[in-house]
Amino acid sequence: MKTLIVDDEHLMLELLSHQLNTIGDFEITTSTRAQDAIRMVETGGIPVELILCDLQMPEMDGVEFIRHLLRVNYAGALILVSGEDARILQTAETVARASNLDVRGSLQKPVSISALSEVLLRDGKRSSVCAKGKARKIYSAEEVRSAIAEGELINHYQPKVELMTGAFSGVETLVRWDHPQDGLVFPDQFIGIAEEYGLIDSLTTAVVSSALRQLRQWMADGLTLHVAINVSMDNLTKLNFPELISNQALVANVPLSSIVLEVTESKLMKNPRAALDILARLRLRHVGLSIDDFGTGHSSLAQLRDIPFSELKVDRSFVHGARGDPMLSAITESSLKMAKQLKLQTVGEGVEDQDDWDFLVASGCDLAQGYFIAKPMAAEALSEWAVDWKSRT
Ligand code: C2E
Ligand code: CA
Ligand code: CA
């Protein structure tokens, strides 16, 4: 593996080279100057596959170094090394990951051989950072409007299960656009446009109507489930929103108490009084209210104080990887503890592996949702998944 080590201290260069040579077959180049290292990447004949980089260098700090790596389109892996405390190292790692570099991890000085080999064995985190693989297309308001009108929006459903028993307790509805040319388009590519151009009410109506009809079908099949639906803050401006939900439930013949509305405040509330009025009246009708993405943006303590939520969803950025990460575990555990004191049901989202699952069980969380359990799927796939899941648990 063609490897470049960058550190202003000669001793560190020697030490790391020695350690790498003990572990495996590395073709090592070293540099005490970050500028030289960047030049090597930029002009080097053979592409560098791995860089170990010190965060504190006199002429260029690690974060700046990362910026230059991006500029020269560095495509290899990166390991950060620092004598600073873990928190600073982690921040630099976050910067690098956010810019989509293939960060294998970070190491605190003095670096041990075992820590170094552990990081080297790690897979690149690229896949989970990257977008869904397809090129992002910008859609016009007219295209989104016609998609809603033509019934091109379809719901996918992601299971939520009880952590204590494994029981399948509900689903979250996630809208997709079944685009005639582009295939399945994900909500981050059209929800924002719908909000901006006044189309979110008709979008939500379409999503709610088909989710509640689907719930009716599942109930007929003998499944007792809660169905969660995402609502935008922009849905909470018209005072008749509770009536709209009630009418839809009546038409579909499903109880209001089996509906959960997930609310994220991605931007400032335009009309907090109206939103509060609407949410309070929904709760009076026993519709569940969930504070989504808790801990991010404006999904905050003030909302928790003012709005009669019945459920709290800890954002996936705090759940995945919480085990073994003191920062994430502190945030997740205290959010869950607070939710318990407020008598809210708790959901951990972004459960991607057994460690995430075990962590939530140990933290006393009620429900789990994430790829470890199931990815969002078409309604027809759900009963087969449920049988499968039962045998897994
Ligand atoms: P969200 O409410 O936070 O939904 C969860 C998102 O996380 C979904 O992305 C889901 O596919 C993804 N996810 C689930 N499990 C995992 C996991 O284990 N790991 C990772 N990395 N991701 C996981 P999706 O479907 O792309 O939805 C994105 C967002 O779009 C949703 O975020 C929600 O805010 C919004 N959205 C979806 N449907 C609707 C809708 O009908 N109305 C409105 N207003 N917003 C919607
Ligand atoms: Ca949600
Ligand atoms: Ca969420």
Side-chain angles (χ1 to χ4, degrees), residues 97 125-134 136 144 147-148 152-161 170-178 184-212 214 226-237 241 245 248 259-267 275 288-299 309 311-322 347-357 359-360 367-378 385:
R97 277 191 209 289
K125 286 278 164 71
R126 231 170 206 198
S127 51
S128 68
V129 178
C130 273
K132 299 204 161 82
K134 273 188 254 170
R136 266 186 82 86
V144 176
I148 301 168
E152 286 171 9
L153 297 190
I154 56 167
N155 288 345
H156 276 190
Y157 299 94
Q158 186 177 33
K160 287 161 135 181
V161 300
V171 291
E172 175 177 0
T173 310
L174 294 158
V175 68
R176 274 95 181 82
W177 178 359
D178 190 9
L184 216 55
V185 179
F186 287 84
D188 57 337
Q189 273 178 274
F190 57 89
I191 294 288
I193 298 164
E195 287 176 340
E196 201 174 325
Y197 292 91
L199 304 169
I200 196 70
D201 282 337
S202 54
L203 182 145
T204 303
T205 306
V207 170
V208 170
S209 143
S210 101
L212 297 189
Q214 187 55 55
H226 282 91
V227 170
I229 298 165
N230 291 286
V231 298
S232 156
M233 268 297 160
D234 291 347
N235 290 132
L236 306 178
T237 53
F241 188 71
I245 297 289
Q248 295 239 25
I259 303 171
V260 180
L261 299 179
E262 296 192 3
V263 184
T264 324
E265 196 184 2
S266 54
K267 50 188 158 188
L289 296 181
S290 180
I291 181 165
D292 202 357
D293 303 336
F294 185 72
T296 68
H298 301 276
S299 277
F309 285 110
E311 180 183 276
L312 180 146
K313 283 184 97 164
V314 182
D315 189 64
R316 65 168 181 264
S317 62
F318 302 120
V319 173
H320 176 54
V347 187
E349 59 177 16
V351 178
E352 292 191 10
D353 53 36
Q354 183 77 48
D355 276 354
D356 297 342
W357 175 277
F359 174 80
L360 289 182
L367 300 175
Q369 180 181 345
Y371 296 165
F372 181 64
I373 300 136
K375 291 201 166 173
M377 62 187 95
W385 170 83

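As a basis for the values below, the full set of heavy atoms in this structure was taken, side chains included, without hydrogen atoms, waters or symmetry mates. Ligands are counted one by one from 1 in listed order, and the atoms in each one are counted from 1 as well. Being a predicted model, the structure only gives us computed values, none of them experimental.
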Under 3.5 Å between any N/O of N230 and any N/O of ligand 1: does that happen in this structure? yes
Of I245, L261, I259, V227, which meets side chain to side chain contact (heavy atoms under 4.5 Å, CB included) against V208? I245
Please list, in number order, the atoms of ligand 1 under 4.0 Å from a heavy atom of P376. 11 (O)
What pairs with Y157 under ring-ring contact (aromatic ring centres under 6.0 Å, His included), at least two apart in sequence or on another chain? W218
Applying the salt bridge (Lys or Arg N to Asp or Glu O under 4.0 Å) criterion to E349, which one of K160, K313, R316 satisfies it? K313
Nitrogen or oxygen atoms of T173 and ligand 1 under 3.5 Å apart: no
What atom name does the N, O or S atom of E172 nearest to the Ca ion (ligand 2) carry? OE2
Can you list everything that forms a side-chain hydrogen bond (donor to acceptor under 3.5 Å, both in side chains) with W357? Sequence neighbours excluded, please. none
Any idea which atoms of ligand 1 are less than 4.0 Å away from a heavy-atom of V207? 41 (O)
Regarding D315 and T296, is there a side-chain donor-to-acceptor distance under 3.5 Å anywhere? no
If we only count N/O pairs under 3.5 Å, is Q158 in contact with ligand 1? yes
For T204 and D201, indicate whether the former's side chain and the latter's backbone hold a donor-acceptor pair under 3.5 Å. no
Name whichever N, O or S atom of D292 ends up nearest to the Ca ion (ligand 2). OD2
Atoms of ligand 1 close to E172 [distance to a heavy atom under 4.0 angstrom, numbered from 1]: 2 (O), 4 (O)
Hey, which N, O or S atom on E262 ends up closest to the Ca ion (ligand 2)? OE1
Ligand-side contact atoms (ligand 1) for residue partner V351, heavy atom cut-off under 4.0 Å: 18 (O)
Compute the shortest N/O to N/O distance between I200 and ligand 1 and return yes if it is under 3.5 Å, no if not. no
Would you say ligand 1 has an N or O under 3.5 Å from any N or O of D188? no
Within 3.0 Å of the Ca ion (ligand 2), is there any N, O or S atom belonging to N230? yes
Can a side-chain donor-acceptor contact be found between S290 and E262 if the only test is distance below 3.5 angstrom? no
Using a 3.5 Å distance criterion without hydrogens, assess whether the side chain of W385 forms a donor-acceptor pair with backbone atoms of K375. no
Working to the nearest 0.5 Å, report the span between CG of D292 and CG of N230. 5.5 Å
Please confirm whether D293 comes within less than 3.5 Å of ligand 1 when only nitrogen or oxygen atoms on both sides are compared. yes
Main-chain N/O of V207 paired to N155 side chain as donor or acceptor, under 3.5 Å: yes
Does D293 reach the main-chain N or O of V314 with its side chain, forming a donor-acceptor pair under 3.5 Å? no
Ignoring hydrogens, just give me the one of P187, S232, A228 whose non-hydrogen atom is nearest atom 29 (C) of ligand 1. P187
Please state which option from E195, H320, R316 has its nearest heavy atom closest to atom 12 (C) of ligand 1. R316
Can you list the atoms of ligand 1 that are under 4.0 Å from a heavy atom of G350? 17 (C), 18 (O)
To the nearest 0.5 Å, how far apart are OG1 in T173 and NE2 in H156? 11.5 Å
Nearest heavy atom to atom 25 (O) of ligand 1, choosing from R176, H156, K375, belongs to R176
Please confirm if an N, O or S atom belonging to D293, backbone or side chain, lies less than 3.0 Å from the Ca ion (ligand 2). no
